[in-house]
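Only one structure is covered here, and it is reproduced in the block below.
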Amino acid sequence: MKKLFFLCLLTASIFNCRAQIVHSAEHIILPLPKGAQKLTAQQVNTLTSLTNSQAISKFKLAPPYNFRFDNIVINIYNIGRNEASNNLTRKKASRDEGFSFLKRRGNNSYHSVIKDIYNKRALIVNYTYGGHVYCFVDIQNSDKTFTLPLKLSYPEADSVKAAGLLDDILNNAQFTQ
Amino acid sequence: MLPGNLNNTVSDILSKPGTNEWGADLRLSSLTSRTYNPTSITSGVNGAWDGTFTWNPSEGFSIGAMHKHFATGPSPDDVFSFVKNRQKLSDIGASDVEKQFYEKNSYEIVVLNNATFMITVNPGWWGTLKNMSNNGTDYENIFRNQIIENQNTNQTDELTASVAALQQIFGEAINVYKAPMDTTNFAIVNIDQNGNLIIITCP
């Protein structure tokens, strides 16, 4: 019981210290840093500063949950539960193949890894293109039954800040089931 | 018209182990007889296979090409190969009849372990594709992003997400066909509102 109380206290402390916004959705609680602003889909679609690719793309980004922390845009999707969502090894392999076009064009920035983080796993894929960093993350529970995809995109100059933000998210994300 | 031995070439390509793409140029021996030269498969370089376009009676007329992908369907680079080849016809001074022949009959095939995809260009869209190809690397980047976007949104596998991404980028400019493994029964594929592949069979 004492341990449980301590754990609750610790968790509350972490959220209070690190985050003012807590993204809470089905099966997951995700702390976001102090100063993060929630964006509407319309606001996301009017962001003009991200990448050259997006400038010529006719697509509109509209993930269900979107935040901005300084120059870092954070897109959060719904939890996936099926085989296609939960097979991180397969996702990594297909992304490694797909983004190999970067290396063939002299861009060696692509990196992918599957990490164990406490009672979670995460697939992290990132690369730099046109002066911006794209970071795709899939956070998975220990039973490998739920996977939360999210995306961080930011100017290359904000890489250190973004790395700290991602560490915080990965360390403090909690699956509630 | 596809080569009569297409299935054998598909099998040859799939039989190659490793992570390097293999592929084959599909060359007509003449534009009038529409018969194919013998096909031999070649290895890609640094993972990716690129065709060698020829357009003469001695080496053959490259009307199509096929190569292996491991997880995803045809990519923007595959679409833009039509534009590159069409430009080569201009560069070598091919006749208008030959250019029209290429535009009307060319195709690209992508072979996967569980299905084969073919893409063609719709008439009237060559100029659009040529303009898009000026930003070819950007479109490849958009495509790879959009695959993940589709996977994350629709919770579909990477192959389905990639076909959706290709159609989102190129729309009516291209046709995408799919044939079950070991067949050449190509049928048009499209994407439904949930991001799933649907096969449109002819009545």
Side-chain angles (χ1 to χ4, degrees), chain A residues 50-65 75-87 89-107 109-110 112 123 125 127-130 132 134-138 146-151 153, chain B residues 18-21 44-50 68-78 80 110 112 128 131-162 164-171 173 194-196:
Chain A
L50 284 181
T51 66
N52 292 332
S53 286
Q54 287 177 359
I56 61 170
S57 170
K58 57 189 173 185
F59 307 126
K60 296 300 178 189
L61 297 167
Y65 312 102
N75 307 120
I76 304 174
Y77 300 80
N78 289 321
I79 289 252
R81 307 155 189 255
N82 60 11
E83 160 68 14
S85 300
N86 289 325
N87 192 334
T89 305
R90 182 169 143 179
K91 278 186 180 178
K92 181 180 181 302
S94 72
R95 288 171 194 179
D96 289 351
E97 181 198 358
F99 285 103
S100 63
F101 84 94
L102 292 167
K103 193 170 185 179
R104 290 196 299 275
R105 288 162 164 89
N107 178 338
S109 64
Y110 177 84
S112 70
L123 166 62
V125 166
Y127 69 97
T128 304
Y129 184 83
H132 283 73
Y134 297 77
C135 180
F136 296 96
V137 183
D138 291 84
F146 298 128
T147 300
L148 179 77
L150 55 95
K151 175 183 173 183
S153 45
Chain B
T19 57
N20 210 20
E21 291 179 359
V45 178
N46 297 327
W49 184 87
D50 281 317
K68 183 177 181 176
H69 280 188
F70 292 89
T72 54
S75 71
D77 279 352
D78 299 324
F80 294 138
V110 167
L112 290 107
T128 301
N131 289 337
M132 291 175 77
S133 72
N134 294 329
N135 298 104
T137 304
D138 281 329
Y139 279 107
E140 193 68 28
N141 183 41
I142 292 167
F143 175 69
R144 299 299 165 187
N145 270 262
Q146 192 63 21
I147 291 173
I148 300 176
E149 197 83 31
N150 290 340
Q151 281 184 287
N152 291 348
T153 301
N154 300 317
Q155 298 174 21
T156 50
D157 61 59
E158 57 272 12
L159 176 57
T160 302
S162 72
L166 195 76
Q167 296 198 334
Q168 286 161 333
I169 290 173
F170 293 104
N194 298 316
N196 293 310

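Interface remark: of the candidates D77(B), T72(B), L159(B), D77(B) forms the most heavy-atom pairs closer than 4.5 Å to chain A. In terms of heavy-atom pairs under 4.5 Å with chain A, the best-connected choice from Q155(B), E21(B), H69(B) is Q155(B). With respect to chain B, the highest number of heavy-atom pairs below 4.5 Å among K91(A), E83(A), E97(A) belongs to E97(A). Taking chain A as the reference chain and counting heavy-atom pairs below 4.5 Å, the highest number among A48(B), A161(B), S162(B), S75(B) is found for A48(B). Of the listed residues (P149(A), G98(A), S85(A)), the greatest number of heavy-atom pairs within a distance under 4.5 Å of chain B belongs to G98(A).
Contact of I79(A) with chain B is made through the backbone alone, with heavy-atom distances under 4.5 Å. With a 4.5 angstrom heavy-atom cutoff, R81(A) touches chain B only via backbone atoms. Heavy-atom distances place both the backbone and the side chain of E140(B) under 4.5 Å from chain A.
For E158(B) (side chain) and A84(A) (main-chain N/O), no donor-acceptor pair under 3.5 Å exists by modelled atom type. Listed for the N154(B) side chain is no donor-acceptor partner under 3.5 Å among the backbone atoms of N196(B).
Between Y127(A) and Y134(A), the ring planes are parallel. Angles under 30° get that label, and only those over 60° would be called perpendicular.
Using a 4.0 Å cut-off between charged side-chain N and carboxylate O, R104(A) and D50(B) make no salt bridge.
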Using side-chain hydrogen bond (donor to acceptor under 3.5 Å, both in side chains), reason through T147(A) and D138(A) one step at a time and then give a plain yes or no. CA-CA 6 Å; T147(A) 300; D138(A) 291 84; 5.9 Å; no
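Judged purely by distance below 3.5 Å, without hydrogens or angles, the side chains of S109(A) and N107(A) pair a donor atom with an acceptor atom.
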